**Student:** 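Quick one: structure below, then a few questions.
Treat the numbers as computed from the prediction; the structure is a model and nothing was measured. In each ligand, atom 1 is the first atom listed, and ligand 1 is the first ligand listed.
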Amino acid sequence: MKVITSIEEMQTISKSIKRDGKTIGFVPTMGYLHEGHLSLVRASKKDCDITVVSIFVNPIQFGPKEDLSKYPRDFERDKNMLEKEGVDYIFYPKVQEMYHSDFSSTIIVEGVTKNLCGASRPGHFRGVTTVVGKLFNIVMPDKAYFGEKDFQQLVTIKKMVRDLNFPVEIVGMPIVREDDGLAMSSRNSYLSEEERKSALCLYKSILLAKDMIKSGIKDVKLIIKGIEELVNNTPNTRIDYIKICDPETLEYIEEGDIDGKKLLALAVFVGSTRLIDNVILEG
Ligand code: PAF
């Protein structure tokens, strides 16, 4: 496994892999890897000849009051994990390599970024699409893998790729959960023991919504009210949003019964850590 820090070198390597007629699978990450990331790596290894993982904590997708400086980082640990998985290249650029001092171009995907995390974190998706667009131009992957935990991110990147004709196939992979149901996230490392218990309210919300539907309660307002009660009765929590929406447009469904496949998405602060989770509900 080779660690590449220069954009030029990564592009040269990618071009030569392609010249040899081999396919590149790409897993973009911000590091501090967990089983969720490794599931993406394994899918890439299965589908493609060469697997590239990027590790880059992208400053432009963090808001001014967000956790950029304290975002967990441990390159040696990540490197060992990726070596064991048989990854071929880690792309590990410095911030100055990715954003030169007069950097001023961005990618904006409208529509699907308006609601959910887009509403709570202004500018976040512009940062994500800009860095992912850059990474696609640097790594030149045939396939790129993203987790469904960041459902809105996945929808946004698929839209960007379609709208701007990036020659890459986007593969979404299921959420990987801890044994008790908590969705894996690098941010779980911020949680104290007490908060870790409270964090389970996100998964319990998903189970509650599924149970309600199973018992014939499909009314959107009733389901959201049930989840609000559950989260509000959990210590250390503050609701950012609980929404049911169309899984493609991410437009909110504010009333009526759940009919067909709909996305339940929630973001909850547990202490000062903001956690997200989602599920497709079928009415
Ligand atoms: O999902 C993430 O870890 C990041 O948003 C991504 C896709 C690596 C872009 O920085």
**Student:** Taking 4.0 angstrom as the limit and counting only heavy atoms of V131, give me the atoms of ligand 1 inside it, by number and element.
**Tutor:** 9 (C), 10 (O)

**Student:** Can you tell me the protein heavy atom closest to atom 9 (C) of ligand 1 and the distance?
**Tutor:**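 Scanning the protein heavy atoms, the shortest distance from atom 9 (C) of ligand 1 goes to Q61 OE1, 3.3 Å.
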
**Student:** Let's go through M98 and F56 carefully: what are the C-alpha distance in whole Å and the side-chain angles of both, what is the deciding distance for side chain to side chain contact (heavy atoms under 4.5 Å, CB included) to 0.1 Å, and is it a yes or a no?
**Tutor:** CA-CA 9 Å; M98 289 294 277; F56 180 64; 3.6 Å; yes

**Student:** Would you say N58 has any N or O atom under 3.5 Å from an N or O of ligand 1, going by distance alone?
**Tutor:**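 For ligand 1, there is no N or O atom that lies under 3.5 Å from one belonging to N58.
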
**Student:** Please tell me whether N58 and Q61 have a donor and an acceptor in their side chains that are separated by less than 3.5 angstrom.
**Tutor:** yes

**Student:** Without hydrogens or angle criteria, can the side chains of Y190 and D67 be said to hold a donor-acceptor pair below 3.5 Å?
**Tutor:** yes

**Student:** Looking only at side chains, do Y241 and N115 share a donor and an acceptor under 3.5 Å apart?
**Tutor:** no

**Student:** Starting from atom 1 (O) of ligand 1, find the nearest protein heavy-atom neighbour and note its residue, name and distance.
**Tutor:**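 Here the closest protein heavy atom is Q153 NE2, 2.8 Å.
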
**Student:** If the threshold is 4.0 Å, N to carboxylate O, is there a salt bridge linking D88 and K22?
**Tutor:** no

**Student:** Please state which protein non-hydrogen atom is closest to atom 3 (O) of ligand 1 and give its distance, to 0.1 Å?
**Tutor:**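 For this ligand atom, the closest protein heavy atom is M30 CG, 3.6 Å.
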
